[in-house]
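Below, chains carry the letters A, B, ... as their sequence lines are ordered, and counting in each starts from 1.
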Protein chains: 2
Amino acid sequence: MPDLSSRQVSQLPPLQAIRVFDAVARHLSFTKAASELAMTQAAVSYQIKVLEERVGAPLFLRRPRQIVLTEAGQRLAPAVGEAFAILGQAYAAARAGADGLLCVTTVLTFASNWLAHRLGSFQIAHPALAVRLETSSRLTDFAREDTDIAIRSGGGKWPGLEAHKLLDADFTPMLSPKLAASIGGVNEPADLLRLPILDPGDIWWTEWFSAAGVHSHDLAKRPGSSMGAQAYEANAAIAGHGVAILTRALFKAELADGRLIQPFDLVGDDGHAYWLVYPQARRNVPKIRAFRDWLLAEIAC
Amino acid sequence: MPDLSSRQVSQLPPLQAIRVFDAVARHLSFTKAASELAMTQAAVSYQIKVLEERVGAPLFLRRPRQIVLTEAGQRLAPAVGEAFAILGQAYAAARAGADGLLCVTTVLTFASNWLAHRLGSFQIAHPALAVRLETSSRLTDFAREDTDIAIRSGGGKWPGLEAHKLLDADFTPMLSPKLAASIGGVNEPADLLRLPILDPGDIWWTEWFSAAGVHSHDLAKRPGSSMGAQAYEANAAIAGHGVAILTRALFKAELADGRLIQPFDLVGDDGHAYWLVYPQARRNVPKIRAFRDWLLAEIAC
DNA sequence: GGTCCGGCATAAGGCCTCCTTATGGGTCAT
DNA sequence: ATGACCCATAAGGAGGCCTTATGCCGGACC
């Protein structure tokens with residue numbers, strides 16, 4: 001078993017010299033190698049000299065019309081060629097592979113209520129790109145997780161990250177028509193308090209009731225569970241289990257087909273929004289660019 | 001069939017960065033890799049950053065206690081490891097191979113009359129060194145021929161070459177005792193002219209006869225062939241075909257056992273000698289050093 | 001046989017890569 | 001809560017490496 005922990009790398013000669021040697025060995029010409037490597041013949045001559053000194057033996061015989069490999073050169077050339085072939089292939093594969101898989105980490109609600117429906121059109125537009133969608137409630141740290149793009153809610157300012165606003169995280173109560181009918185319709189904000197409030201501890205409720213001019217001191221005392229994601233609360237609301245406070249943009253479909261109703265025009269907005277974010281340094285990576293452009297265009301529709 | 005004449009080498013990232021990546025991937029630690037590569041942790045960090053920018057994707061995830069490879073890194077690491085393994089092996093082999101084979105080009109006479117007898121003791125002293133002995137009458141050009149060391153005769157001054165004098169190329173007539181007896185013994189230089197002269201055109205004859213005070217104008221007119229090497233002429237002389245003018249040091253054995261006799265003490269010397277030569281730049285190459293030291297020691301005996 | 005041409009070697013000089021030192025931030029363990 | 005470990009970053013400097021310019025050598029072509 002080879003000792004992987006301490007390869008004798010330090011004994012390798014300058015790698016640039018080896019790269020030059022590879023080109024010269026293939027062309028059997030300093031001048032042609034120089035042109036392939038886009039440098040001068042003098043530089044090639046210099047590098048070969050350096051390598052020959054490190055190897056301790058001439059690698060080429062300088063004949064009038066052309067050069068030929070010495071025995072030492074013949075031993076070295078094939079292996080060097082193979083090593084560079086592997087290297088080039090691996091590098092290309094790494095680039096291509098990195099280009100071919102896009103990892104998106106997103107908050108659950110956005111994924112299920114917005115992205116899921118539309119992702120198909122992105123796949124069609126970019127058939128070479130595979131998308132791995134991951135949901136996480138934590139703020140993704142690009143230095144610690146293998147993620148290209150994240151969608152998160154917040155204020156839009158994160159150091160080192162580029163952020164594009166997708167939609168405002170406004171909020172307004174929603175419920176099923178059936179539940180509303182059960183108390184003869186919801187006509188004014190205070191009516192809501194007669195119904196079960198889903199996640200009553202949510203700060204959004206406090207803000208909305210306060211904006212509506214309704215006292216809601218007792219909200220905090222109510223039993224209830226924070227499900228931590230609008231998607232869950234929305235499902236509960238659709239099932240008629242209570243009133244949820246939700247972002248309109250994410251439930252357009254449910255509002256349109258009547259599974260949910262929005263009883264009041266009053267909409268709260270604490271300045272938060274959903275953002276598309278990625279490391280500033282990677283703003284020009286093709287796959288990131290492609291996803292960003294597509295998503296912003298879709299949002300604009 | 002791959003296009004060997006123009007590999008896309010230019011697209012490879014800086015090779016130094018790849019070498020660093022290899023070390024980091026094996027250790028999964030910037031600090032440990034730095035210590036293996038004998039550089040600072042900051043330098044490793046820098047090189048990885050460079051490589052990540054070139055690949056277009058992070059290669060490592062920076063976790064609190066350790067780092068781990070990203071998907072892109074996992075794709076790249078094994079191939080890079082393999083490439084460096086090949087490279088290191090080939091380089092070592094080239095060095096070892098170059099160290100293990102010593103190519104000596106020598107004038108024929110020295111090889112057959114001096115070196116051949118003694119080479120065995122060199123092999124015994126250096127069992128790891130294979131010797132390839134080549135004979136050539138031309139002056140070997142180290143830039144054009146795959147030769148480590150040459151033995152040649154001359155004045156001892158060649159630009160760029162280190163030269164050690166082995167023995168003086170003196171010259172004196174020699175012949176078989178039988179041939180001498182055939183004319184009743186060779187008592188004075190002029191007696192030689194009554195015998196066939198091997199290679200009468202040789203300048204050495206002219207010089208020796210002139211030093212001996214004997215006219216030899218007719219020598220040039222004599223038929224005879226220049227065999228071009230003392231070894232051949234010596235064989236002819238031993239066979240009794242004529243008188244040869246030879247270098248004493250090369251025929252000690254023949255003189256000792258009576259196959260040849262040296263009728264006169266008079267020895268010519270035109271300042272030429274046999275020299276051991278090799279490129280100055282390679283004077284410290286182990287195998288060259290070994291051969292030089294051995295040969296000079298043998299000569300001194 | 002003289003001159004041109006192709007190809008490699010060498011010298012001098014400058015840029016730019018890459019490494020070092022120094023410092024900071026973040027996490028885990030004591 | 002503090003120390004230890006590890007990686008990131010900034011600033012600065014040395015040297016590797018490339019370029020331009022020139023020389024040398026051998027072959028080819030009149």
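- Taking the six-membered ring where the residue is Trp, B:Phe60 and B:Phe21 present tilted rings, their angle falling between 30° and 60°.
- In this structure, B:Glu52 atom CD and D:dC7 atom P are separated by 13 Å, rounded to whole Å.
- As a whole-Å value, the separation of A:Ile67 CD1 from D:dG26 C1' is 16 Å.
- B:Ile86 contributes atom CD1, which lies 3.5 Å from atom CD1 of A:Ile86 (distance to the nearest 0.5 angstrom).
- For the pair B:Lys49 and D:dC7, the criterion of a side-chain N or O lying under 4.0 Å from OP1 or OP2 is not met.
- Within 4.0 Å (heavy atoms only), A:Thr31 reaches sugar-phosphate atoms of the nucleic acid but no base atom.
- Proximity of B:Arg62 to the phosphate of D:dA8: a side-chain N or O atom is located under 4.0 Å from OP1 or OP2.
- Closest non-hydrogen pair, A:Val24 versus A:Ala33, comes out as CG2-CB, 3.5 Å.
- Between the CZ atom of A:Arg19 and the C1' atom of D:dG16 there is a distance of 15 Å, given to the nearest Å.
- Residue A:Ser45 has a polar side-chain atom (N or O) positioned under 4.0 Å from OP1 or OP2 of C:dA9.
- Note on the helix from C:dG1-D:dC30 to C:dT30-D:dA1: terminal axis deviation equals 30°, with five pairs used at each end and the result rounded to 10°.
- Pairing each heavy atom of A:Val277 with each of A:Ala163, the nearest pair is CG1-CB, 3.6 Å.
- The CG-C1' distance, from A:Leu61 to C:dG7, rounds to 16 Å in whole Å.
- Taking every heavy atom of both residues into account, A:Arg152 and A:Val107 meet most closely at CA-CG1, 4.2 Å.
- When rounded to the nearest whole Å, the span between CD1 of A:Ile48 and P of C:dC8 equals 11 Å.
- Residues A:Ile48 and A:Val44 have side chains in contact (heavy-atom distance under 4.5 Å, counting atoms from C-beta outward).
- Annotation: side chain of A:His164 is in contact with side chain of A:Tyr278 (closest heavy-atom distance under 4.5 Å).
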Please write out the pairs of protein N or O atoms and N or O atoms of nucleotides 18-20 of chain C separated by less than 3.5 Å, giving the distance to one decimal.
| residue | atom | partner | partner atom | Å |
| --- | --- | --- | --- | --- |
| C:dC19 | OP1 | B:Gln16 | NE2 | 3.2 |
| C:dC19 | OP2 | B:Gln47 | NE2 | 2.8 |
| C:dT20 | OP2 | B:Thr40 | N | 2.7 |
| C:dT20 | OP2 | B:Thr40 | OG1 | 2.8 |

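- Counting to the nearest Å, the C1' atom of D:dC24 and the CZ atom of A:Arg63 are 19 Å from each other.
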How would nucleotides 24-30 of chain C be written as a contact map, 5' to 3', with B for base contact, S for sugar-phosphate-only contact and - for no contact, using protein heavy atoms under 4.0 Å? --SSS--
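- As a whole-Å value, the separation of A:Phe60 CZ from C:dC8 C1' is 12 Å.
- Atom CG in A:Asp148 sits 5.0 Å away from atom CZ in A:Arg282 (nearest 0.5 Å).
- Across the protein-nucleic acid pair, B:His27 atom NE2 and D:dC6 atom P stand 13 Å apart, rounded to whole Å.
- Closest heavy-atom contact between A:Asp168 and A:Thr247: O-CG2, 3.6 Å.
- By the 4.5 Å heavy-atom criterion applied to side chains, B:Glu36 and B:Arg26 are counted as neighbours.
- For the pair A:Leu166 and A:Phe110, the minimum side-chain heavy-atom distance is below 4.5 Å.
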Using side chain to side chain contact (heavy atoms under 4.5 Å, CB included), reason through B:Leu295 and B:Ile151 one step at a time and then give a plain yes or no. CA-CA 11 Å; B:Leu295 188 51; B:Ile151 292 167; 4.1 Å; yes
